[in-house]
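One structure is given here, and the rest of the page talks about it.
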Amino acid sequence: MSKEHKDNENKGLLCNFTHEKAGMQGLDREKINKIIHDTSVNTEFFKREQEHIAIVEEKARSMKNRISESLSKGPDFIREINEEIYKIIQEIESERHLSETWIHVDMDMFYASVEIRDNPELADKPVAVGGNSMIATANYIARRYGIRSAMPGFIGKKLCEELVFVKPNFSKYREEGEKIREIFRDFDPDFESMGLDEGNLRVTEYLINNEMNHDEGRQELARIIRQRIKDKTQLPASAGIACNRSLAKIATDMGKPNGQYFIPFDKEQIIEIMSKMNVRKIPGVGKVLEKTLNELGVVTCKDILQKKYELYIAFQAGSFKFLASAALGVGSCYHHETREEQKSISLSRTFASTNNIEEINKYIAEFSREISEQLDEKNAQIKTVSVSLKTYKFEPKSKSETLGRYIYKELDIYEIAIKLYNELAIKEKIRHVGVRVANIIYRRTGAIDDIIEKVSKDPTPKQSSIKCFSQQCPVCNKVFMYTEKRMEIHLKQCLEEQSQKFQPKVVKKQKNAPQPTITLDCFYKKK
DNA sequence: TACATACAC
DNA sequence: GATGGTGTATGTA
């Protein structure tokens with residue numbers, strides 16, 4: 001999906017947050033945009049997006065101000081930054097390597113390809129893998145209607161009445177993905193990957209060992225890899241061949257669908273190819289940076305070089321170097337030293353907006369349990385817990401806490417998570433909630449008690465030990481979620497606070513008894 | 001450290 | 001009527 005995903009984004013939805021892309025010339029953009037707009041307008045999502053765009057535009061405005069201010073400082077200043085830019089470009093050039101070979105392979109409309117392969121009747125129909133709320137991938141027929149991944153299904157349906165929806169079957173995709181990865185390993189055991197259907201392979205050694213370390217051999221190898229994928233899975237793949245990681249990825253996009261593209265290992269030709277490239281094609285340039293650059297008059301990579309003074313002033317050194325490197329086609333071409341361990345684990349869900357505290361509570365409890373299980377499997381512990389949510393207005397909020405100790409038990413995580421959720425003190429309905437843990441260490445010390453506990457416990461039934469309930473505090477009248485322990489703590493604090501105020505507050509009589517205890521066991525068994 | 005943003009798939 | 005889930009990196013206060 002990599003590229004397709006990036007191609008579509010919210011394109012069309014918000015014409016001013018996007019641009020026309022190659023391969024879409026045949027489409028009736030105006031009609032498509034109108035349908036998308038009419039379907040979206042008046043939604044909270046749309047409002048939120050508009051606000052977001054306004055913020056990005058405002059930032060771009062202040063960048064422009066800074067630029068014109070700086071440029072009016074006079075020739076000495078220009079000479080100064082010219083020198084600095086020159087230094088950076090020299091540095092970038094010193095990082096240019098033309099003798100490593102990278103082949104990036106990406107499956108074409110991966111999920112849709114798998115589904116069509118397994119149900120050939122779909123082959124000549126517009127197909128979307130996903131549901132009413134989100135399309136994960138669309139086949140090329142559907143794309144002719146303007147349907148893209150990351151588009152909500154109901155808009156897809158509006159764009160094409162005959163659109164066929166297929167429910168995603170992730171375990172199947174994982175399986176197919178594993179077959180592909182097995183092939184990748186033959187050519188580069190350390191290949192890099194950002195998803196199920198993609199691999200970035202450094203094949204320099206393979207080429208040398210097989211006496212094919214030349215342009216023809218490089219392209220031949222890409223054909224071989226794609227053919228092996230085809231033989232093994234019956235699925236089409238595209239590939240890009242170039243001298244560094246990022247160029248290879250860009251090349252894949254140029255080869256799609258079901259093709260490959262070779263970027264010559266030659267400085268002048270690389271710069272020539274890149275100069276025409278839209279900045280959005282640069283891996284790492286998303287819709288916000290694209291929009292910002294566009295506002296500054298930068299659309300293609302050539303513009304990056306032409307507006308180097310402006311960009312140097314507007315951006316931080318690191319970002320400037322990133323953009324200049326991309327424009328010059330220079331990128332890193334060795335594998336990252338060590339593949340690091342996972343740094344965080346998170347679970348989240350979107351649902352119909354609600355303020356039902358019990359429902360939210362169930363999610364938090366469930367996430368805590370699942371995260372704890374994952375930590376068990378990894379024999380890991382964590383020090384940071386965060387809770388995030390989105391209000392019904394799509395406003396994200398989050399709160400996190402780093403503890404002075406490591407934890408991993410479901411109840412420990414849950415307690416912190418609930419505490420954080422309560423501290424967020426959200427009054428509106430919410431449409432999304434999530435729990436994340438971070439600061440992971442991959443060992444457990446002094447866990448003897450646990451081991452004993454585990455051994456003595458019957459290993460079969462995996463059920464929650466959390467007993468929790470939502471309840472109104474009789475002192476402060478707030479409705480909170482509690483475990484028994486937390487309730488005790490809160491009550492104590494609450495009473496203290498009240499007594500400090502010296503003003504015995506009139507405690508409203510509760511209308512009804514505390515809400516019934518939610519035993520999570522019920523919840524899990526239901527599922 | 002805490003939080004928000006941006007990005008990728 | 002309605003716009004995802006998981007993970008990483010980075011900027012800013």
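Chain letters run A, B, ... following the sequence lines, proteins first and then strands; every chain starts at 1.
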Return the value, rounded to whole Å, for the distance between atom CZ of A/Phe165 and atom P of C/dA2. 17 Å
Which pairs, protein N/O on one side and nucleotides 9-13 of chain C N/O on the other, fall under 3.5 Å?
| from | atom 1 | to | atom 2 | distance (Å) |
| --- | --- | --- | --- | --- |
| C/dA9 | OP2 | A/Lys343 | NZ | 3.1 |
| C/dT12 | OP2 | A/Gln316 | NE2 | 2.8 |

When you measure from the side-chain N and O atoms of A/His432 to the phosphate of C/dG5, is any distance below 4.0 Å, counting only OP1 and OP2? yes
Length of the CZ-P vector between A/Arg48 and B/dA4, whole Å: 10 Å
Looking for any heavy atom pair under 4.0 Å, which part of the strands does A/Thr350 touch: base, sugar-phosphate only, or nothing? sugar-phosphate
Only one of A/Arg202, A/Arg181, A/His104 passes side-chain contact (heavy atoms from CB on, under 4.5 Å) with A/Phe191, and that residue is A/Arg181
Could you tell me whether the phosphate oxygens of C/dA2, OP1 or OP2, come under 4.0 Å of any side-chain nitrogen or oxygen in A/Ser40? no
Hey, mind stepping through A/Phe394 and A/Phe45 against ring pair (Phe, Tyr, Trp, His ring centres under 6.0 Å) and telling me if it holds? CA-CA 6 Å; A/Phe394 288 85; A/Phe45 178 83; 5.4 Å; yes
Report yes if at least one side-chain N or O of A/Lys390 is closer than 4.0 Å to OP1 or OP2 of B/dA4; otherwise report no. no
Can you confirm if the aromatic rings of A/Phe170 and A/Tyr111 lie within a centre distance of less than 6.0 Å? yes
Is any NZ, NE, NH1 or NH2 atom of the basic residue among A/Lys34 and A/Asp38 found under 4.0 Å from an Asp or Glu carboxylate oxygen of the other? yes
Between A/Lys287 and A/Glu49, does any side-chain N to carboxylate O distance fall below 4.0 Å? yes
For the residue pair A/Thr402 and A/Thr384, confirm or rule out a side-chain donor-acceptor distance under 3.5 Å. yes
Atom pair distance, as rounded to whole Å: CE in A/Met194 and C1' in B/dC7: 8 Å
Can you measure A/Ile371 atom CD1 to C/dG5 atom C1' for me and round it to whole angstrom units? 13 Å
Give a yes or no answer on whether the side chain of A/Tyr414 reaches the backbone of A/Glu366 with a donor-acceptor pair at less than 3.5 Å. no
Would you say the side-chain atoms of A/Asp303 and A/Thr300 include a donor-acceptor pair closer than 3.5 Å? yes
In whole Å, I'd like the distance from the NZ atom of A/Lys158 to the P atom of C/dA2. 11 Å
Between atom CG in A/Asn42 and atom P in C/dG1, what is the gap in whole Å? 11 Å
Check whether any side-chain nitrogen or oxygen of A/Ser346 sits under 4.0 Å from OP1 or OP2 of C/dG7, and answer yes or no. yes
Give every pair of a protein N or O atom and an N or O atom of nucleotides 1-3 of chain B that lie under 3.5 Å apart, one pair per line with the distance.
| from | atom 1 | to | atom 2 | distance (Å) |
| --- | --- | --- | --- | --- |
| B/dA2 | OP1 | A/Thr402 | N | 3.4 |
| B/dA2 | OP2 | A/Thr402 | N | 3.1 |
| B/dA2 | OP2 | A/Thr402 | OG1 | 2.5 |
| B/dC3 | OP1 | A/Lys399 | NZ | 3.3 |
| B/dC3 | OP2 | A/Ser400 | N | 2.4 |
| B/dC3 | OP2 | A/Ser400 | O | 3.0 |
| B/dC3 | OP2 | A/Ser400 | OG | 3.3 |

Tell me: CG of A/Leu196 to P of C/dG4, nearest whole Å? 20 Å
Verify the distance criterion only: is there a donor paired with an acceptor across the side chains of A/Glu84 and A/Tyr312 at less than 3.5 Å? yes
Contact class for A/Gln342 (heavy atom, under 4.0 Å): base, sugar-phosphate, or nothing? sugar-phosphate
